[in-house]
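Data block below; observations after.
All of these numbers come straight from a predicted model, not from anything done at the bench.
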Amino acid sequence: MSVKIAKEYFPRLTDEGVVVREYDEERDKVAVEELERQCEVEQQGKPSLVTDLMGDPLCRARSLPLHIMLVAEYGEGENIVGVIRGCVKSVTRGNSVHVKLAYILGLRVSPNHRRLGIGTKLVRELEEWCKQNGAEYAYMATDCTNEASINLFTKKCAYLKFRTPTVLVQPVHAHHKPIGSGIGIIKLIPQLAESIYRRIFANSEFFPRDIDSILRNKLNLGTFVALPKKFLSKWDPKTGILPPSFAILSVWNTKEVFKLQVKGVSALTYVCCMGTRLLDACLPWLRLPSFPDVFRQFGVYFLYGLHMGGKYASRLMKSLCAFAHNMARDDAGCGAVVAEVGQGDPAREAIPHWKRFSWAEDLWCIKKLVDANQDDSNEKCEPSDWIKSQSSSSVIFVDPRDF
């Protein structure tokens with residue numbers, strides 16, 4: 001549900017006659033969808049990845065209980081020329097310390113109304129709402145090549161470059177991937193998955209306090225553990241103690257929230273890609289690496305909560321990722337399996353992916369929202385600034401609701 005507190009901020013008249021207010025679905029849905037379309041059309045002429053929000057502009061924030069969407073109106077016609085989404089949640093900053101964190105996403109400004117400060121106004125108004133709802137920090141994520149977004153947040157809104165996790169993309173082939181011999185895979189019940197996750201990710205960054213809500217969400221397809229079959233008879237999952245060698249991950253079904261589509265490729269590229277798919281479908285026993293039909297709308301499975309340990313950890317993680325790939329292969333319309341992990345995460349090297357379609361650095365920028373003088377008195381006793389303190393772990397927990 002959309003939170004209604006801090007309502008006094010909206011509508012709010014800013015400079016140059018721009019009105020920022022809360023999104024009203026009945027009143028604004030058509031105009032926001034048109035704005036999203038305008039921003040996509042601007043990219044025509046080169047290959048681009050287009051997102052279909054499936055008739056729900058709030059879909060990417062709706063899974064979080066504390067969320068909002070703002071729109072910017074401009075001119076006598078009160079046309080919607082900008083939009084932004086945001087949410088607030090409690091996460092770890094390392095060493096089992098929790099903070100209230102805001103996530104800013106989905107900022108769009110009409111191509112005909114850029115360089116008027118509308119994007120900056122939307123960010124600042126959203127930050128005010130986040131502070132009213134207890135957020136101590138705010139962060140955003142963007143591609144390292146998105147200079148316009150980076151400049152807006154770092155130069156105009158005082159955000160700092162903070163973390164650069166890696167996004168790993170595995171296309172879904174027409175054939176099933178083999179699971180390693182001697183490996184067993186078990187699906188955990190949500191209560192057990194929650195207990196394990198709270199223990200192994202206690203010292204990580206960005207681990208959400210409401211992990212139980214994520215694991216029980218209808219978009220969560222399950223949490224799975226891979227282990228050597230020789231340990232199966234000796235391991236009792238109910239204890240919550242992981243076996244000597246293991247790999248664990250959860251699968252989130254984003255295709256029920258939004259869909260993607262690749263546009264703007266040449267005819268030759270299209271023919272070559274579809275040719276590999278045809279060969280793979282006709283000769284599945286050859287296990288040819290093929291390209292899915294991403295030129296029509298497709299969905300994505302997002303892997304999160306990836307962790308491994310023990311002598312056979314790498315092999316177990318690869319088999320577990322193959323298992324997730326096969327789940328996606330059996331789900332019509334799923335074109336890719338995606339994971340996002342920290343640069344120094346041990347699981348990174350074990351996750352199968354196509355380098356060409358992955359990106360080494362997904363830039364996360366962060367800003368402290370509370371006034372500096374509010375916590376100066378405690379600075380000598382405990383590092384109170386997450387941004388300045390040294391990370392206690394190389395592991396970043398990527399919330400699937402943020403993807």
Side-chain angles (χ1 to χ4, degrees), residues 1-3 9-10 18 20-25 27-43 48-74 80-89 101-111 113-114 118-130 133 135 138-143 145-146 148-154 156-157 159 167 219 252 254-261 299-300 302 338 340 362-367 398-403:
M1 62 178 178
S2 180
V3 176
Y9 280 107
F10 315 112
V18 177
V20 176
R21 59 172 176 81
E22 185 171 355
Y23 168 75
D24 183 303
E25 184 171 9
R27 173 183 174 185
D28 302 328
K29 181 180 176 182
V30 173
V32 170
E33 289 177 336
E34 173 61 21
L35 173 62
E36 296 276 357
R37 188 193 66 79
Q38 291 174 5
C39 294
E40 289 174 356
V41 168
E42 186 195 22
Q43 301 176 23
S48 60
L49 188 64
V50 176
T51 303
D52 180 3
L53 300 180
M54 299 168 63
D56 183 8
L58 246 176
C59 63
R60 290 189 59 205
R62 204 178 286 281
S63 292
L64 286 124
L66 198 58
H67 64 265
I68 198 169
M69 179 171 169
L70 304 181
V71 297
E73 294 178 331
Y74 181 77
I80 292 180
V81 296
V83 64
I84 195 170
R85 293 92 166 168
C87 54
V88 176
K89 57 185 175 179
L101 176 70
Y103 178 47
I104 296 176
L105 70 157
L107 173 62
R108 302 283 188 273
V109 176
S110 165
H113 295 84
R114 292 177 183 170
I118 295 173
T120 305
K121 292 177 176 63
L122 281 166
V123 172
R124 289 174 177 166
E125 292 298 322
L126 181 57
E127 287 176 346
E128 286 299 319
W129 178 87
C130 294
N133 283 279
Y139 90 105
M140 54 77 69
T142 189
D143 190 291
T145 62
N146 190 344
S149 179
I150 294 171
N151 289 339
L152 169 64
F153 279 91
T154 59
K156 295 183 179 180
C157 299
Y159 283 70
V167 179
L219 299 177
W252 187 265
T254 70
K255 72 192 252 322
E256 300 301 322
V257 179
F258 61 87
K259 294 191 177 175
L260 304 172
Q261 183 178 6
V300 168
F302 184 72
V338 180
E340 186 168 11
D362 184 32
L363 180 61
W364 292 11
C365 298
I366 197 168
K367 176 181 180 178
V398 181
D399 190 328
R401 299 170 298 185
D402 294 350
F403 178 71

Is there a side-chain contact between [X] and [Y] (heavy atoms, below 4.5 Å)?
X	Y	answer
Asp402	Glu340	no
Trp129	Leu70	no
Arg85	His67	no
Leu152	Thr120	yes

So, for [X] and [Y], which heavy atoms are closest and what is the spacing to 0.1 Å?
X	Y	answer
Val109	Leu35	C-CD1, 4.1 Å
Val18	Ile118	CG2-CG1, 4.1 Å
Glu33	Gly55	OE2-CA, 3.4 Å
Trp252	Ser63	CZ2-OG, 4.3 Å
Leu122	Ala72	CD2-CB, 3.9 Å
Leu126	Gly86	CD2-CA, 3.9 Å

Open item on the list: Using a strict threshold of under 4.0 Å (side-chain N to carboxylate O), is an ion pair present between Glu73 and Arg27?
Closed with: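 Salt bridge between Arg27 and Glu73, a charged N being under 4.0 Å from a carboxylate O: yes.
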Task: Ion pair Glu127/Arg124, N-O distance below 4.0 Å - done: no
Rounded to the nearest 0.5 Å, what separates atom [atom1] in [X] from atom [atom2] in [Y]?
X	Y	atom1	atom2	result
Ile150	Thr145	CD1	OG1	7.5 Å
Leu260	Thr254	CG	OG1	6.5 Å
Asp56	Phe258	CG	CZ	12.5 Å
Leu363	Ser149	CG	OG	8.5 Å
Leu107	Cys39	CG	SG	9.0 Å
Met140	Ile84	CE	CD1	9.0 Å

Would you please name every residue forming a salt bridge (Lys or Arg N to Asp or Glu O under 4.0 Å) with [X], sequence neighbours left out?
X	value
Lys255	Asp331
Asp143	none
Asp28	Arg21
Glu256	none

Open item on the list: Can a donor-acceptor pair be found, under 3.5 Å and without considering hydrogens, that links the side chain of Lys29 to the backbone of Pro57?
Closed with: no
Open item on the list: Checking the side chain of Lys367 only, and the main-chain atoms of Cys157 only, is there a donor and an acceptor separated by less than 3.5 Å?
Closed with: yes
Task: Verdict with supporting geometry, Phe403 and Val398, side-chain contact (heavy atoms from CB on, under 4.5 Å) - done: CA-CA 8 Å; Phe403 178 71; Val398 181; 5.7 Å; no
Task: Test side-chain contact (heavy atoms from CB on, under 4.5 Å) applied to Arg60 and Thr51, step by step - done: CA-CA 11 Å; Arg60 290 189 59 205; Thr51 303; 5.6 Å; no
TODO: Sequence neighbours left out, what passes side chain to side chain contact (heavy atoms under 4.5 Å, CB included) with Gln261? Give chain and number order.
DONE: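 Testing Gln261 for side chain to side chain contact (heavy atoms under 4.5 Å, CB included), a comparison that skips the adjacent residues, returns Lys263, Gln297.
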Task: By ring-ring contact (aromatic ring centres under 6.0 Å, His included) - contacts of Tyr139 (at least two apart) - done: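 Tyr139: ring-ring contact (aromatic ring centres under 6.0 Å, His included) contacts with Tyr103, Phe206, Trp364.
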